[in-house]
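Read the structure below first, then the notes.
So that the names make sense, note that chain A is the first sequence line, chain B the second, and so on, each numbered from 1.
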Protein chains: 2
Amino acid sequence: MPATLHDVAALANVSIKTVSNVVHDYKHVRPDTRERVLAAIKELGYRPNITARGLRSGRTGVIGLALPELSLSYFAELADSVIRAAEKRSLVVLIEQTGGGDREREIAMLSSPRLQLTDGLIFSPLGMGMADRDLLDVPYPLVLLGERIFGGPADHVTMRNVDAARAATRHLLERGRRRIAVIGGHEDEDMGSATLRLRGYREALAEAGVPFDQELILPAREWHRHDGARAMRDLLAAGIPFDGVFGLNDTLALGALRALQEAGVRIPDDVAVVGFDDLDETQYSLPTLTTVDPGREEIAATAVRVLAELIEGGRRAPGDDGDRPREYLADFRLIERESTAP
Amino acid sequence: MPATLHDVAALANVSIKTVSNVVHDYKHVRPDTRERVLAAIKELGYRPNITARGLRSGRTGVIGLALPELSLSYFAELADSVIRAAEKRSLVVLIEQTGGGDREREIAMLSSPRLQLTDGLIFSPLGMGMADRDLLDVPYPLVLLGERIFGGPADHVTMRNVDAARAATRHLLERGRRRIAVIGGHEDEDMGSATLRLRGYREALAEAGVPFDQELILPAREWHRHDGARAMRDLLAAGIPFDGVFGLNDTLALGALRALQEAGVRIPDDVAVVGFDDLDETQYSLPTLTTVDPGREEIAATAVRVLAELIEGGRRAPGDDGDRPREYLADFRLIERESTAP
DNA sequence: CACAGAACTTACAACGTTGCACTCGCGGCT
DNA sequence: AGCCGCGAGTGCAACGTTGTAAGTTCTGTG
């Protein structure tokens, strides 16, 4: 049975409120009183009851993080970054998994009672799309991540997908590659990482005057390693010539790497490969993978900061008239490694 | 401003307590009253305030999960499993990172005020050791994971390290390997994964009458990919002959794989490799990695179940006399893949 | 030495929920 | 008729905290 303010107050012979004042570093407490209270706190091992405080103040110090699955490395690393960023503001993170792109579950998540003890939510959907935009107009602080929804009613932190993909493609072009396959296309997608990154790819080709060839765009519904491997095997089997590969994320690129090696293709001599995300793992693959760091740390830090500001009420809530929801773009960085060495 | 029991009660013309009774499916409510209350709840969009409920009942429905880092794949996958298991019992998971084996932070975690709004903790230390055993005698429900502390005052869910490592080694021996290197030894460790798995390794050797050679035991303080690669490069450079490798975890084995391939060693022809953990990734490496599934799903499910039971008070708290803290061992499974193909 | 004003301290009421003890009315049993 | 038991519903207190307003004690000044 943990000690309460009452217990401390009784022991220190002061009122319960004075103890509260000491705990909160209120100025007007006489030094000797403060001493006495602190001693009592120490003796009883008193720790404030956060639940009660939460009830009283309407804050819990907990933020939610809803993402598809922790077993996808990108999201595990994102969660790691978010937790670290939250810790710096002494917020704690409650993680909800929505499954790999399950639109229904994502929508359900937004009104889950489980969010009740959360002050706000960082939300990274994969299944919802532009058409679901209005569902983001929720009665609590919300920060949106990802590439599925733009211009929605919530603040949005995301990466420079088009620019980063253009840089990745340009890098392959600079290495003299002209037939660059892309793995991970989503054909029926109205908006998302695939669409944006593909746009960057096409822009880079256009800049360089290299013709676009639809045959080189390999679809992959899921972005897991075996999807990358399968797509690459298909391409090899089809006998379509190519000398570069742009995996729309690292996992796909690593899968492709494997399929290429199985087939005896030399990397980067015969085919150069670029990925996207800068997963930890890309530093250790064989060969190490050239990739784009989309600014994961910055995204996490920004998302937590913006959410904290919304919670503090420093800015008007998006619903109010006045300022529109904002969009934040993290800086990216091309990381050259062995898979595209000259 | 969300609706409260008061609002619903006023609208339905009943007492606040009757609304509470309806919400809790209390038997003795007349059907028509129940209807009226449910209608009011729906109209106002009432959702119980979990914080208030938590204050009153002492439960929050949140469990803590403290682990080293989510960016370590094993822990990301463990967290995934724990969250899924918790969801089935409608518990929500708050994740705390203690850093990769930081003993001080782990100890601090155990008395963190951030745990206040948690009903109990699943704790996976990496830095604490047998000597810190007594620190696990905490005034809240605690379930211990991992291999650092045995026989402590808390219920413990873990894997059959020795048996599984023996099986992995035996598998290499059955493939005709006689000089099996081990990567990941911790020389000064009193207790932990390294110690236990090495014990299994020695037992298998002894069974097969194969002599133990200290030269084949490669230390690796951290269990990251580059540690595995470095250890393997050292072994190759030393010119010590070997025909099998047992990575004490998958990450080390994958790093070793890479170093072997760099050196032009053929796998499994020249050297067969086994890992430990069954990370998702081992299905997609080149070659795919033979490994041991230590029963991660079962560990997560058991940990959540045991913690839930402790919270419910179904069993006496470990502190009380009567039953001693229990130890649960998950079943393991050897998964044969390409890296040890005959 | 009275008194304003600051410094310090306190009582009380919430926050939204639930456990407990209670009331009320009805039907059945003795 | 009197009593019991039970179903249905209620009122109050409490969980531990904090904001507000008000109370008390100091300090320095005229």
Side-chain angles (χ1 to χ4, degrees), chain A residues 1-38 40-41 44-62 113-119 139-140 313, chain B residues 1-38 40-41 44-62 113-119 139-140 311-313:
Chain A
M1 191 68 14
T4 73
L5 282 183
H6 280 95
D7 304 326
V8 178
L11 183 60
N13 249 311
V14 292
S15 82
I16 174 183
K17 192 61 220 286
T18 297
V19 180
S20 171
N21 286 339
V22 170
V23 170
H24 285 269
D25 268 332
Y26 181 65
K27 292 189 288 282
H28 302 305
V29 177
R30 264 207 321 262
D32 58 317
T33 313
R34 185 182 300 277
E35 279 317 310
R36 207 149 26 96
V37 171
L38 287 174
I41 286 179
L44 296 174
Y46 168 77
R47 304 196 152 277
N49 177 323
I50 302 194
T51 306
R53 188 180 284 181
L55 175 59
R56 188 65 241 253
S57 66
R59 298 273 171 76
T60 60
V62 181
R114 302 151 68 88
L115 289 179
Q116 289 262 328
L117 33 71
T118 258
D119 292 338
Y140 50 84
Chain B
M1 187 71 14
T4 74
L5 281 182
H6 280 95
D7 305 326
V8 177
L11 183 60
N13 248 309
V14 292
S15 81
I16 175 183
K17 192 61 222 287
T18 297
V19 180
S20 171
N21 286 339
V22 170
V23 170
H24 285 269
D25 269 331
Y26 180 65
K27 291 188 288 283
H28 302 306
V29 178
R30 266 206 319 263
D32 59 315
T33 314
R34 186 181 300 275
E35 280 317 307
R36 210 153 20 100
V37 171
L38 287 174
I41 285 178
L44 297 175
Y46 167 77
R47 304 195 154 277
N49 178 322
I50 302 193
T51 307
R53 187 179 286 180
L55 174 59
R56 188 64 243 256
S57 66
R59 298 273 171 76
T60 60
V62 181
R114 302 152 66 89
L115 288 179
Q116 288 263 329
L117 32 72
T118 258
D119 293 338
Y140 50 81
I311 293 170
E312 294 306 328

Tell me every residue that passes salt bridge (Lys or Arg N to Asp or Glu O under 4.0 Å) with [X], counting only those two or more places apart in sequence or in another chain.
{"X": "A/R34", "result": "A/D25"}
{"X": "A/R59", "result": "A/E312"}
{"X": "B/R114", "result": "B/E96"}
{"X": "A/R30", "result": "A/D32"}

Per-helix bend value, the helix from C/dC1-D/dG30 to C/dT30-D/dA1, C1' rotation axes over five pairs per end, 10° rounding, shows 70°
What are the residues of residues 2-9 of chain B, sorted by number, that bring a heavy atom to within less than 4.0 Å of DNA chain C?
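Residues of residues 2-9 of chain B that come under 4.0 Å of DNA chain C are, in numerical order, B/T4, B/L5, B/H6.
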The criterion is ring pair (Phe, Tyr, Trp, His ring centres under 6.0 Å); which residues satisfy it with B/Y26, sequence neighbours excluded?
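By the ring pair (Phe, Tyr, Trp, His ring centres under 6.0 Å) rule, B/Y26 matches B/H28.
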Rounded to whole angstrom units, what separation is found between the [atom1] atom of [X] and the [atom2] atom of [N]?
{"X": "B/I16", "N": "D/dG9", "atom1": "CD1", "atom2": "P", "value": "16 Å"}
{"X": "A/R59", "N": "D/dT17", "atom1": "CZ", "atom2": "P", "value": "19 Å"}
{"X": "B/K27", "N": "D/dA8", "atom1": "NZ", "atom2": "P", "value": "11 Å"}

List the atom of B/P48, the atom of A/Q116, and the distance in Å for their closest heavy-atom pair.
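Answer, listing the atom of B/P48 first, then A/Q116: O-OE1, 3.0 Å.
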How close do A/P2 and A/D7 get, counting heavy atoms only, and between which atoms?
O-OD2, 4.2 Å
Under 4.5 Å between any side-chain heavy atoms of [X] and [Y], yes or no?
{"X": "B/T4", "Y": "B/N49", "answer": "no"}
{"X": "A/Y46", "Y": "A/V23", "answer": "yes"}
{"X": "B/V37", "Y": "B/V14", "answer": "yes"}

Could you list the residues that satisfy side-chain hydrogen bond (donor to acceptor under 3.5 Å, both in side chains) with [X], not counting sequence neighbours?
{"X": "B/S57", "value": "none"}
{"X": "B/T60", "value": "B/D119"}
{"X": "A/T18", "value": "A/S15"}

Using the side-chain heavy atoms of A/S20, tell me which of these nucleotides is nearest: D/dT18, D/dA8, D/dT10.
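The nucleotide sitting nearest to the side chain is D/dT18.
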First contact, last contact: which nucleotides of DNA chain C are these for chain B, 5' to 3', heavy-atom distance under 4.0 Å?
C/dG16 to C/dC20
Reading DNA chain D from 5' onward, which residue's closest nucleotide shows up sooner: A/L55 or B/S15?
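It is B/S15, whose closest nucleotide lies nearer the 5' terminus.
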Within the 4.0 Å heavy-atom criterion, would you say A/T51 contacts the bases, only the backbone, or no part of the nucleic acid?
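Since no nucleic acid heavy atom lies under 4.0 Å of A/T51, the category is nothing.
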Are OP1 or OP2 of D/dT17 and a side-chain N or O of A/Y46 less than 4.0 angstrom apart?
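Yes.
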Side-chain N or O of B/T18 versus OP1/OP2 of D/dT10: is the shortest distance under 4.0 Å?
yes
Atom pairs, protein N/O to nucleotides 19-26 of chain D N/O, distance under 3.5 Å:
{"residue": "D/dG19", "atom": "N7", "partner": "A/K17", "partner atom": "NZ", "Å": "3.0"}

